[in-house]
> 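The following block contains the structure, expressed as structure tokens.
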2 protein chains.
Amino acid sequence: MTAERLVLAAAELADEVGFENVTVSALARRFGIRDASFYSHIRNAQELREQVSRLALTELADQAANALAGRSGRDALVAFANAYRDYARRHPGRYAAGQLPVSPATADAARRHSELTRAILRGYELPEAEHVHAVRLLHSTFHGYVSLERAGGFDHSGDVAASWRRVLDVLDATLAHWPAP
Amino acid sequence: MTAERLVLAAAELADEVGFENVTVSALARRFGIRDASFYSHIRNAQELREQVSRLALTELADQAANALAGRSGRDALVAFANAYRDYARRHPGRYAAGQLPVSPATADAARRHSELTRAILRGYELPEAEHVHAVRLLHSTFHGYVSLERAGGFDHSGDVAASWRRVLDVLDATLAHWPAP
DNA sequence: ACCCTATCCTAGAGCCTCTAGGCAATGGGT
DNA sequence: ACCCATTGCCTAGAGGCTCTAGGATAGGGT
């Protein structure tokens, strides 16, 4: 019974019942032990949730890195974005966890995401000074899309997958013809 | 003591202590009555939160509509986006409430947001078939940006306001030179 | 006067968080 | 072999949030 296994179980629980329902009680129930017993392993419920957040961000970065491997330009953009969206769809609870306010514990994982996104830009020709803005644009759009999709914000007006492909087309064109400041 | 005043108080509470801390108990405390007394006014805590969500989406749509009035093209885009971001910064708790999964009660407010976003497109020349994709791109980017900013995701790498302006520049250029499918 | 409804109350059950303190097994050092 | 510290779990219990059931009260309409 390591803290690691515990966090993994919490992540699985999150995907099953939603991150907001990840409680110490529910986890204890799943392990067949008393609530109080958990507090030897974990400081408190808050910390448990942060660890799940950190796990999610790390997994997501791993998969994004994988998607990027050996690709560049448009291929890299699409593969990265799809890794992002696929992860959110496969692991909704984990993904939601990743949206917790950035804590010291998750700051390094968050930095990795920025660096990976920045790697995409190497396939386009943007001035160095524009990189930070482009990274934020991509991050925002990917995250915004998957969270609105997940919340049902796109439910009543046409094919969500088609829009996603089109949005990636448009972002590719935008990076390829990045307007001068 | 109408349901409306109650929801308004809940929204204020959300902005002060965070949406996740809006509880029936906290609200009752603020009104100086017992928890149980609230259940004559409100079905349950879930409904209270949904009403706050609906209030937030409606207020946000009102302000976005105001920002759009009399503007078109790039002006409209920037004013709309700023209305969005300003609202999120001024009313963090309400904004967070607006991200609840779309319920039947909030579906009409959500539709209004789509229509307002669509109004921006009238200042650009996009084929009708592209509108749904462009609306989703804009929504995603605005929402993604303000929520990542709020969560602290942009904390460690430069001026967030400058990036915001630049992102809007880029979106303007993207809408102006929308790539063919 | 009488009733009715709105508003609030107490009591209490159920779930979640977390602290304090205890007990038993395990396994390493002597 | 023996001791003892650590580990992992336990019970007990306090306190907060949610919600139901049922009761008091007071003002307004008939």
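Just so we're on the same page: letters track the sequence lines, and every chain starts at 1.
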> Donor-acceptor pair, distance only, cut-off 3.5 Å: does the side chain of A/Ser163 make one with the backbone of A/Val160?
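Not confirmed, A/Ser163 side chain does not pair with A/Val160 backbone.
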> With a 3.5 Å distance limit and no angle check, can you tell me whether B/Thr23 reaches the backbone of B/Ala26 through a side-chain donor-acceptor pair?
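Checking the backbone N and O of B/Ala26 against the side chain of B/Thr23, a donor-acceptor pair under 3.5 Å is found.
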> Is there a side-chain polar atom (N or O) of A/His41 under 4.0 Å from OP1 or OP2 of D/dT7?
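No.
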> Rounded to whole angstrom units, what separation is found between the CZ atom of B/Arg5 and the C1' atom of C/dA6?
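Answer to the nearest Å: 15 Å.
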> Tell me whether the guanidinium CZ or amine NZ of A/Arg85 lies under 6.0 angstrom from the six-membered ring centre of A/Tyr145 and within 45° of its axis.
no
> Ignoring backbone atoms, test whether B/Ser40 places a side-chain nitrogen or oxygen under 4.0 Å from the OP1 or OP2 oxygen of C/dT7.
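Checking B/Ser40 against C/dT7: no side-chain N or O falls below 4.0 Å of OP1 or OP2.
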> Could you give the CG-to-P distance, from A/Leu27 to C/dT17, as a whole number of Å?
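Rounding to the nearest Å, CG of A/Leu27 and P of C/dT17 are 10 Å apart.
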> Can you give one letter per nucleotide of nucleotides 15-22 of chain D, 5' to 3': B if a protein heavy atom sits under 4.0 Å from the base, S if only from the sugar-phosphate, - if neither?
--SBBB--
> Rounded to the Å, how far apart are A/Phe38 CZ and D/dC9 P?
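Distance check: A/Phe38 CZ to D/dC9 P gives 8 Å.
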> Establish, from distance only, whether the side-chain atoms of A/Asp15 and A/Tyr95 form a donor-acceptor pair under 3.5 Å.
no
> I'd like to know whether CZ of A/Arg112 has more than 12 heavy-atom contacts from other residues, nucleotides or ligands below 6.0 angstrom.
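Buried by this count: over 12 neighbours within 6.0 Å.
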> Mind telling me whether A/Phe38 and A/Phe31 have parallel, tilted or perpendicular rings, with 30° and 60° as the class edges?
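Rings of A/Phe31 and A/Phe38: perpendicular, as their planes differ by over 60°.
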> Nearest-Å distance, CZ (A/Arg34) to C1' (D/dG8)?
15 Å
